[in-house]
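I have placed the structure first, in the form of structure tokens, so that the comments after it can refer back to it.
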There are 2 protein chains.
Amino acid sequence: MKSTLEESLEILSGLGLVLTLQRRAILKFLHEQQGHWTAEAIYGELRPRYGSLSRATVYKTLELLCEAGELQCLRLRKDVMHYDTFTGPHHHFLCEQCGAIIDIPMECPIKASGRIEGHRVDRCIAYFAGVCEACL
Amino acid sequence: MKSTLEESLEILSGLGLVLTLQRRAILKFLHEQQGHWTAEAIYGELRPRYGSLSRATVYKTLELLCEAGELQCLRLRKDVMHYDTFTGPHHHFLCEQCGAIIDIPMECPIKASGRIEGHRVDRCIAYFAGVCEACL
DNA sequence: TTAGATGCAAAGTGTTTGCAGCCTG
DNA sequence: CAGGCTGCAAACACTTTGCATCTAA
């Protein structure tokens, strides 16, 4: 995400999107609580504060923020999607003991080269699984 | 998978599993048609030949084969699981134009080292996405 | 013989969609 | 004021589960 909430709002605005109360609330929350979130968790956090928030809006807004480049979506678990507020080049480590998701800042050398075996590489989707330092 | 169908059957047998008609059929099919399969596709191929095959059995058998190390399960698309008959160390390339899934034989150097930033790395789940050589 | 496997259908789960009504710009 | 957005609930798609029945060893 952009470094400030204001900049993020400008991004959406610049794309011709309406800055509704709901979108502002979600964006504000993600700026304050950076990390790896699920749609359900965000809904659970915001619903009590913004009475009329719906799951559909959360899902739509998160997808929108991904398209706008303000979030990075991750499929680390088979059942649920995570949204990462850190959009710089990095991978992840998933602790299979405590469930922690840890950022691993690194660039994939193959993605950097842009090619593998003649194919054009646009994205490298990767994560490591194991046991984190704290659990060891 | 093991190189021959017989060896694969012995693996299951050795694990104390019953070699039912259905399990034999699925295993035989996968040996003949190696590649990246979805549960639904396997069901679609075998159902006409083995009238009484059910989806539940296909799903259960595929999970079983993954546990037995005879298949590798891949989540390359958000909606559906793929099962790979090639179980050696390799990653994948997903063509976003034609949908092809291409094996990329390579070992992840970080997985090989077993560590990253103090965490123990047991698995490296990765794939590349872009446009394949044929589509370019 | 009997533990384990199958088939069916129903349930489960995260996510998406259709649509009437509301709100931002 | 007008198009975009929201909330609700129902729909979706893949996968899992419960249970009566069947079968491999």
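Quick note: numbers below take in every heavy atom, side chains included, and nothing from hydrogens, waters or symmetry partners. Here is the naming used below: chain letters follow the sequence lines, and residue numbers restart at 1 for every chain.
Contact annotation: the side chain of B:T57 never approaches that of B:Y43 to less than 4.5 Å [non-hydrogen atoms, C-beta and beyond]. Between B:L27 and B:M1 the shortest side-chain heavy-atom distance falls below 4.5 Å.
Along DNA chain D, the nucleotide nearest B:A39 and the nucleotide nearest A:G51 are compared for position; the residue whose nucleotide lies closer to the 5' end is A:G51.
Nearest to the side chain of A:Y59, among D:dT15, C:dG14, C:dT24, sits C:dG14. Nearest nucleotide to the B:V80 side chain, out of D:dT17, D:dC14, D:dA9: D:dC14. Closest to the B:V18 side chain, of the nucleotides D:dT15, C:dG14, D:dA24, is D:dA24. Side-chain proximity of B:K60 to D:dT15, D:dC8, D:dG18: nearest is D:dG18. Side-chain atoms of B:K78 lie closest to C:dT15 of the nucleotides C:dC8, C:dT15, D:dA24.
Going from atom CG of A:D79 over to atom P of C:dT13 covers 10 Å, rounded to whole Å. For the pair B:E63 CD and D:dT15 C1', the computed distance is 10 Å after rounding to whole Å. Distance, A:I42 CD1 to C:dG14 C1': 14 Å, rounded to whole Å. Here C:dT15 presents its P atom at 9 Å from CD of A:E40, a figure rounded to the nearest Å. At whole-Å resolution of the value, CE in A:M81 and P in D:dC14 are 15 Å apart. Taking atom CG of residue A:L64 and atom C1' of nucleotide C:dT17, one finds them 16 Å apart after rounding to whole Å. With rounding to whole Å, A:L62 atom CG is found 12 Å from D:dT6 atom P. One atom, OH of A:Y50, and another, P of C:dC22, lie 22 Å apart when rounded to the nearest Å.
Among the heavy atoms of the strands lying under 4.0 Å from A:R47 are primed sugar atoms or P, OP1, OP2 only; no base atom is included.
Put simply, CD1 on A:I101 and CG on A:L76 are 5.0 Å apart, with the number rounded to the nearest 0.5 Å.
Aromatic rings of B:H92 and B:H82 (six-membered ring for Trp) have centroids beyond the 6.0 Å cut-off, not under it.
A side-chain hydrogen bond (donor to acceptor under 3.5 Å, both in side chains) with B:S8 is found for exactly one of B:R23, B:K28, B:E70, namely B:E70.
Contact check of residues 19-27 of chain A against DNA chain D (heavy atom, cut-off under 4.0 Å) returns A:T20, A:Q22, A:R23.
Ring-plane geometry between B:F86 and B:H90 is classed as parallel, the angle between the planes falling under 30 degrees on a 0 to 90 degree scale with a further cut at 60.
By the rule that hydrophobic residues join a cluster once side-chain heavy atoms approach within less than 4.5 Å of another member, B:Y83 and B:Y127 end up as members of separate clusters.
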